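Please read all numbers here as calculations on a predicted model, not as lab measurements.
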Amino acid sequence: MAGEPPQRRRDVVALAVMTNRMEGVVRKMTNTLFRTARSTLLNTARDFSCCIVTANHELLVMAESLPIHVMSGPDLMSRWLAQYHPNPRRGDAFLHNSPYHGNSHAGDHCIMVPVLDDEGRHRATALVKAHMADIGNAEPTTMTATARDVYEEGALIFNCVKVQEDYRDVEDVIRMCQTRIRVPEDWYGDFMGMIGAARVGERELQKVGEEVGWDVFDGYVEDWLDYSEERIRATIKALPAGRRTGYDLHDSIPLPGVEEGVKLEVSVEVDPEAGEIEIDLRSNPDCLPCGLNLTQSTSTTSALIGVFNSIDHTVPRNSGSARAIKVLLRENCCVGIPVHPASCSLATTGLAERLGAIVQCTLAEFEDGMGMASPGPECPPATASLSGRDPRHGNAPFVDMMILGNSGGAAHAHGDGWLTNGETSDGGSMMRDSTEVLELLRPIRVWADRIVCDTGGDGRFRGAPSLYVEYGPVDTQLEVFYAADGTVNPALGARGGEPGALLRPFMRTASGEVIEQDPWGHVILEPGETIISISSAGGGYGPTVERDPEHVRHDVAEGWITEQRALDTYGVVLAADGSVDLDATAARRAGMGDGATGSSSVRSPVGEDPVLRLIEPGTRLWPTGGGSSGSAGAQRRQ
């Protein structure tokens, strides 16, 4: 049948054993960087990925890597590396971060190490990608939404640049980075951790070649990718046929051309007969005069994420399964192939989140039981670049990125949204910073970190709620950069589910006054001032009146929603002892019909807004005098 790969005899036990070993190689690489990196962005939040790419430029295994980093991109970068360096040698390593040559965005530095056999033949590539805290941009952040082009962004761009030869650093390149980057010791520590991780991958793959033979390895690669393709085609054959178009709107940016926001349109066609899904992104706007543009890799990956989030989770994620998903792109498109010098500074967030969400929401409309709602748009001020000087260490400069409270996860066909989802693009693989470790390493205090009740998108399954995080500097000035989407356009629900709550940034002055902040924020905090970050919540899936009343009762008991919301939105009546009054609930739900009333019609008025109650002007979480870290640290946090 057309579109099907030829059937081959294969040893399924050997295939499983070998795949487990390959994923073990990637996990060893991951553990190496996790344990040796210097910045908290890597050694705590784990904003990095490792993978193995074949000699034919196909993603083989990614283990628990961040999807946005590796589902597409390593294949493209491998092709560029072969073009620029067709005859690699053992001991070579290459630095790459060009958004125009397969990378995700300039803030993600990649180390590529070709793996060669004893005859010098290229057999695979060990690849490590990590989000750097600083890359020498014009401002101390790697994510500049308002950069009109790559020149204003100010990034150092490396396009398959050799940084090691014969296992030794190319000092000229290292000096270039150390001279430009604000925290050279931190960058070099992260760089060496990446080199170590890639070398671990090289060593382990060479062991595989020595133990089983490179011909056996090549046969495994072919079998594994073909098997993955067969799995996804069989999965797609069971889906309903059709073509649907989905839409979403990214918030505006105060620049010409994007002041009305960015409307996205995605066409999704499911062809069960061919076992293929086609995603057409070509109707979207040209490259934008800001940092929102996606790269070729993140445009493709975001579409792939939306598909994989919507189908059987056991289908392998690699270049084999990607053969059945056709993503149609065009050049000079904000969700396509960028043309230099378009800025792609936020190519792993913003539009990437919206795009993946459209795909999974659109697939949800094909059939109940498919797809997901939209996750909460990002990035709130609790996911910000922080910089300043640390008075505890001789006013030494620091630049880092904090990952404390990102967007709420989307509800799906089988459960509620994941509270620590972070973002669709990382698939829950990133970690939240430890508050205590962050306070030890940086001169900041986290005054509050909690869930905001009544914010998750309502539905048969509920989106994850917003998070409230409040933090500020200790005895120093703190510069904060963040780029927030979702202050105007919320996460959308699916199949009758309701949208999640909006993202909301505020600043609390030393006098206690609370001031709303711009979503594209650059804030300088003085001692006694704080940033208040309320992240966006995930969308709901399915009608609210179809939610299990026992789940609603549990939500009220646990503080996810109020009893009033249970009554007004879900039609669930609770007795005085907190149990479900089944008869009263049935009667109320019957009066609500199909549940179309929705939570948007019953959200609290502004004066009763649960978020505004939390940040009531004049309230304080710290002492007004003294200002020392000792006195502040002695206060009880909310």
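A donor-acceptor contact shorter than 3.5 Å links the side chain of Arg330 to the backbone of Arg282. Asp149 places no side-chain N or O within 3.5 Å of a backbone atom of Ala342 that could act as its donor or acceptor partner. One N or O on the side chain of Ser49 and one on the backbone of Leu66 form a donor-acceptor pair closer than 3.5 Å. The backbone N or O of Gly356 sits nowhere less than 3.5 Å from a side-chain atom of Ser302 that would complete a donor-acceptor pair. The backbone N or O of Leu503 sits nowhere less than 3.5 Å from a side-chain atom of Ser536 that would complete a donor-acceptor pair. Side-chain N or O atoms of Ser65 include one that pairs as donor or acceptor with a backbone N or O of Cys50 at under 3.5 Å. Between the side chain of Asp11 and the backbone N or O of Val13, at least one donor-acceptor pair lies under 3.5 Å. Without hydrogens or angle criteria, Arg317 side chain to Val315 main chain gives a donor-acceptor distance under 3.5 Å. Remark: side-chain polar atoms of Asn293 are not paired, donor with acceptor, to backbone N or O of Pro338 under 3.5 angstrom. Not a single donor-acceptor pair under 3.5 Å links the side chain of His412 to the backbone N or O of Met372.
Using a cut-off of 4.0 Å between Lys/Arg side-chain N and Asp/Glu carboxylate O, Arg323 and Glu229 are scored as salt-bridged. Ion pairing between Asp368 and Arg460 holds under the 4.0 Å rule for side-chain N and carboxylate O. Contact check on Arg547 versus Asp458 returns no salt bridge, with no Lys/Arg side-chain nitrogen under 4.0 Å from an Asp/Glu carboxylate oxygen. A salt bridge is absent between Asp280 and Lys326: the closest approach of a Lys/Arg side-chain nitrogen to an acidic carboxylate oxygen does not fall below 4.0 angstrom. The pair Lys237-Glu273 fails the salt-bridge criterion, with no side-chain N (NZ, NE, NH1 or NH2) lying under 4.0 Å from an Asp/Glu carboxylate O. Salt bridge annotation for Lys129-Asp108: absent, with no cationic side-chain nitrogen under 4.0 angstrom from a carboxylate oxygen.
The shortest heavy-atom contact between His122 and Ala55 is O-CB, 3.4 Å. Between Phe366 and Thr362, the shortest heavy-atom contact is CD1-O, 3.3 Å. The two residues Ile157 and Pro99 come nearest to each other via the heavy atoms CD1-CD, 4.0 Å. Scanning all heavy atoms of the two residues, the minimum distance from Leu329 to Ser299 falls at CD2-CB, 4.0 Å. The shortest non-hydrogen separation linking Ser252 to Gly261 is CB-N, 3.4 Å. Taking both residues in full, the closest heavy atoms of Ala373 and Ala410 are given as O-CB, 3.2 Å, listed atom of the first, atom of the second, then distance.
With Tyr541 as the aromatic partner, Arg495 does not meet the cation-pi criteria of under 6.0 angstrom to the ring centre and within 45 degrees of the ring axis.
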Checklist entry - Please walk me through it: do Ile337 and Asn332 pass side chain to side chain contact (heavy atoms under 4.5 Å, CB included)? => result CA-CA 6 Å; Ile337 304 171; Asn332 192 37; over 6 Å; no
Item to check | Stepwise side chain to side chain contact (heavy atoms under 4.5 Å, CB included) check, Glu265 with Leu281 | outcome: CA-CA 7 Å; Glu265 175 182 325; Leu281 308 181; over 6 Å; no
Checklist entry - Please walk me through it: do Val262 and Leu288 pass side chain to side chain contact (heavy atoms under 4.5 Å, CB included)? => result CA-CA 9 Å; Val262 184; Leu288 305 166; 3.6 Å; yes
Item to check | Working for ring-ring contact (aromatic ring centres under 6.0 Å, His included), residues Phe94 and His85 | outcome: CA-CA 10 Å; Phe94 301 88; His85 300 277; 4.4 Å; yes
Checklist entry - Checking ring-ring contact (aromatic ring centres under 6.0 Å, His included) for the pair Phe158/His96: CA distance, chi angles, key distance, verdict? => result CA-CA 5 Å; Phe158 298 95; His96 184 85; 9.6 Å; no
Item to check | Evaluation steps, salt bridge (charged side-chain N to carboxylate O under 4.0 Å, His left out), between Lys263 and Asp248 | outcome: CA-CA 6 Å; Lys263 184 178 180 180; Asp248 204 350; over 6 Å; no
Checklist entry - So Glu278 and Arg243, salt bridge (charged side-chain N to carboxylate O under 4.0 Å, His left out) or not? Walk me through it. => result CA-CA 9 Å; Glu278 180 184 277; Arg243 185 181 188 92; 3.5 Å; yes
Checklist entry - Going through the distances and angles, do Thr298 and Thr295 end up as a side-chain hydrogen bond (donor to acceptor under 3.5 Å, both in side chains)? => result CA-CA 5 Å; Thr298 56; Thr295 60; 3.0 Å; yes
Checklist entry - Under the side-chain hydrogen bond (donor to acceptor under 3.5 Å, both in side chains) criterion, do Asp312 and Thr235 qualify, and how do the steps go? => result CA-CA 7 Å; Asp312 183 354; Thr235 299; 4.9 Å; no
Item to check | Worked check of side chain to side chain contact (heavy atoms under 4.5 Å, CB included) between Asp75 and Arg79 | outcome: CA-CA 7 Å; Asp75 53 335; Arg79 289 186 173 89; 3.9 Å; yes
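Checked by atom type, the side-chain pair Asn489/Asp251 shows a donor-acceptor distance below 3.5 Å. Between Trp80 and Ser78, the side chains place no donor N or O within less than 3.5 Å of an acceptor N or O (distance only, hydrogens not considered). A donor-acceptor contact under 3.5 angstrom links the side chains of Ser228 and Asn318, judged on distance only. A donor-acceptor contact closer than 3.5 angstrom is absent between the side chains of Glu153 and Thr144. In summary, the side chains of His101 and Asn159 do present a donor paired with an acceptor at a separation below 3.5 Å, with no hydrogens or angles considered.
In this structure, the side chains of Val266 and Val359 come closer than 4.5 Å at one or more pairs of heavy atoms. Side-chain contact check for Thr420 versus Arg432: some heavy-atom pair is nearer than 4.5 Å. At least one side-chain heavy atom of Ile325 sits less than 4.5 Å from a side-chain heavy atom of Phe308. Contact annotation: the side chain of Pro465 approaches that of Leu419 to within less than 4.5 Å [non-hydrogen atoms, C-beta and beyond]. A heavy-atom distance below 4.5 Å is not found between the side chains of Leu351 and Asn284. In this structure, the side chains of Val70 and Pro67 stay at 4.5 Å or more apart for every pair of heavy atoms. Side-chain contact between Val488 and Leu502 is absent, with no heavy-atom pair separated by less than 4.5 Å. In this structure, Phe48 and Met194 have side chains that are not in contact, with every pair of non-hydrogen atoms separated by 4.5 Å or more.
Note on ring orientation: taking the six-membered ring where Trp is involved, the planes of Trp224 and Tyr227 are parallel (angle under 30°, cut-offs 30° and 60°).
Between the SG atom of Cys287 and the CG atom of Leu292 there is a distance of 11.0 Å, given to the nearest 0.5 Å.
If you look at His105 and His131, their ring centroids are closer than 6.0 Å.
Summarising the local packing, CD of Glu259 is surrounded by more than 12 heavy atoms from other residues, nucleotides or ligands at distances under 6.0 Å. By the 6.0 Å contact criterion, CZ on Arg244 is enclosed, its count of non-hydrogen atoms from other residues, nucleotides or ligands being greater than 12.
Not counting sequence neighbours, Asp271 has no partner by the side-chain hydrogen bond (donor to acceptor under 3.5 Å, both in side chains) test.
Shown are Glu378, Glu353, His250; of these, the side chain to side chain contact (heavy atoms under 4.5 Å, CB included) with Asp485 is made only by His250.
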